[in-house]
Amino acid sequence: MEAGERVNLLGLPRVELEAFVASRLNAKPFRARQLMKWIYRRGAADFAAMTDLAQDFRAQLGEVARITVPEIVSEQVSNDGTRKWLLRMDAVQGIETVYIPEPDRGTLCISSQVGCAMDCSFCSTAQQGFNRNLSVAEIVGQVWLAHRELAESRPGHGNGRHGNGRHGDARANITNIVFMGMGEPLANFDNVVAAMQLMLDDDAYGLSRRRVTLSTSGLVPALDRLRDTCPVALAVSLHAPTDALRDELVPINKKYPLKELLAACVRYIEKAPRDFVTFEYVMLDEVNDTAAQARQLVKLVQSVPCKINLIPFNPFPHSGYQRSSADAIARFRDSLMQAGLIVTVRKTRGDDIDAACGQLAGQVQDKTRRRGPRLTAAAL
Ligand code: SAH
């Protein structure tokens with residue numbers, strides 16, 4: 001660190017924050033806990049607001065530290081209540097974060113990279129290629145911002161900076177976090193794990209491991225590392241019952257074919273907070289949705305405790321694919337269920353604002369030109 005450069009406390013792992021507090025501020029470790037509570041639970045972005053810290057300590061903090069959160073470029077609210085934020089990463093690139101309210105929970109879908117290198121043929125993020133990994137602050141900053149925005153939109157929010165997200169209306173709370181936005185989380189392993197540790201930390205967001213879900217295209221060695229370092233709920237993007245087809249849809253399959261991937265899933269379950277893996281399976285018309293493929297899928301996953309989540313394909317320009325018909329999806333689901341599998345069909349949420357799975361793109365320039373300045377819920 002250069003002299004005079006202030007450290008961003010957002011995203012700093014607990015041990016690093018404790019070390020920072022001791023070495024730079026000459027303070028006791030409990031000050032780190034206090035700071036974490038202010039930053040994450042109470043959503044403070046400014047040391048002056050931390051009223052239970054002595055004034056000279058706050059002044060000292062302001063000299064060596066900062067709390068810098070990502071910038072919101074725009075917000076869109078879907079007819080179904082889904083909210084999508086575009087966050088600026090640089091002059092042209094952005095990432096998207098989506099909040100999906102349901103009667104009994106609120107799920108925040110976050111991004112782990114700008115773009116993605118996995119090159120899945122049916123995903124619009126793939127079309128922009130890989131730009132860079134997100135930092136811990138940028139990953140956990142998505143949760144921070146969503147908390148603030150949701151608190152502000154809650155009735156009677158006061159100044160909106162102090163909603164701790166745990167009480168009150170379940171529909172405006174974040175109860176679950178899924179890494180199903182842009183990017184391959186296991187390809188940004190260290191930052192994703194550090195961010196998840198803050199999501200799980202009781203002095204930060206205090207979520208249980210079962211309520212944080214990492215979704216991966218199947219990076220086998222990283223999956224084993226995750227099992228040993230920070231096991232959370234796991235979703236795996238399966239999408240095909242054979243290597244030949246999966247090679248085409250999810251090219252990382254050429255490196256880590258199905259047999260290896262499924263073996264890694266079984267190893268993962270040994271240490272996972274849930275005793276099953278969720279297999280995601282995007283429904284592509286006449287590509288992976290036939291009766292024969294349903295039978296192949298049943299055979300393929302028979303030795304893995306799992307649930308299957310069928311995702312109706314969400315179209316985007318020039319994808320070359322079409323969504324399976326409702327009939328085809330129902331038939332596929334029924335034949336898996338008849339074989340004893342647990343199957344759900346993902347409800348398509350937020351597609352009127354391009355917030356559905358695989359539709360996140362994150363072009364800052366396009367969006368600002370098209371939609372003008374930031375829209376607020378009230379303006380829509
Ligand atoms: N890279 C991670 C997480 C990103 S996407 C992964 O591959 O799992 C989250 C889910 O949305 C994945 O299962 C992904 O395959 C799926 N998805 C991508 N594009 C889609 C589209 N156009 N329609 C429906 N689902 C899509």
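Atoms within a ligand are numbered from 1 in the order they appear, just like the ligands themselves.
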Heavy-atom contacts with [X] under 4.0 Å: which atoms of ligand 1 show up? List them by number with element.
X: N314; result: 21 (C), 22 (N), 23 (N), 24 (C)
X: S217; result: 6 (C), 7 (O), 8 (O)
X: F179; result: 3 (C)
X: V282; result: 23 (N), 24 (C), 25 (N)
X: C123; result: 18 (C), 19 (N)

(Q) Looking at L186, is its backbone amide N or carbonyl O close enough to the side chain of E184 to form a donor-acceptor pair, meaning the two atoms are under 3.5 Å apart? (A) yes
Q) Under the 3.5 angstrom rule, does the side chain of N131 hit a backbone N or O of G115 as a donor-acceptor pair? A)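 Not a single qualifying donor-acceptor pair exists.
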Q | Nearest candidate to atom 4 (C) of ligand 1, where distance is taken over non-hydrogen atoms, out of G181, S237, A235 | A |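 Nearest option to atom 4 (C) of ligand 1, by heavy atoms: G181.
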Q | Option of least heavy-atom distance to atom 14 (C) of ligand 1 (set: R323, H239, M118, M180) | A | H239
Q: With the side chain counted from C-beta on, respond yes when L245 and Q293 share a heavy-atom pair under 4.5 Å apart, and no when they do not.
A: yes
**Q.** Over 12 non-hydrogen atoms of neighbours within 6.0 angstrom of CZ in R33
**A.** no
Q | Pairs involving residues 216-242, ordered by first then second residue, that meet ring-ring contact (aromatic ring centres under 6.0 Å, His included) (sequence neighbours left out) | A | F122-H239
Q: Considering only NZ, NE, NH1 and NH2 on the basic side and carboxylate oxygens on the acidic side, decide whether E75 and R83 come within less than 4.0 Å.
A: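 Yes.
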Counting only heavy atoms, which portion of [X] has something under 4.0 Å from ligand 1: side chain, backbone, both, or neither?
X: E280; answer: side chain
X: I311; answer: side chain
X: M182; answer: neither
X: T216; answer: backbone

Q: Begin with the C-alpha distance, continue with both residues' side-chain angles, and end with the deciding distance and a verdict on side chain to side chain contact (heavy atoms under 4.5 Å, CB included) for I100 and V178.
A: CA-CA 11 Å; I100 307 150; V178 297; 5.8 Å; no
Q) Backbone or side chain, does any N or O of G183 fall under 3.5 Å from an N or O of ligand 1? A)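 So ligand 1 has an N or O lying under 3.5 Å from an N or O of G183.
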Q) If you measure every N/O of F122 against every N/O of ligand 1, is any gap under 3.5 Å? A)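 Between F122 and ligand 1, an N or O pair is found under 3.5 Å apart.
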Q | side chain to side chain contact (heavy atoms under 4.5 Å, CB included) between Q34 and L53, worked out | A | CA-CA 9 Å; Q34 253 178 325; L53 301 179; 3.3 Å; yes
Can I get a per-line list of side-chain donor-acceptor pairs under 3.5 Å for residues 218-232, giving both atom names and the distance, sequence neighbours left out?
from	atom 1	to	atom 2	distance (Å)
D224	OD1	R267	NE	3.0
D224	OD2	R267	NH2	3.0
R225	NH2	D190	OD1	3.3
R227	NE	R267	O	2.8
R227	NH2	E270	OE1	3.0
D228	OD1	K271	NZ	3.0
T229	OG1	R225	O	2.7

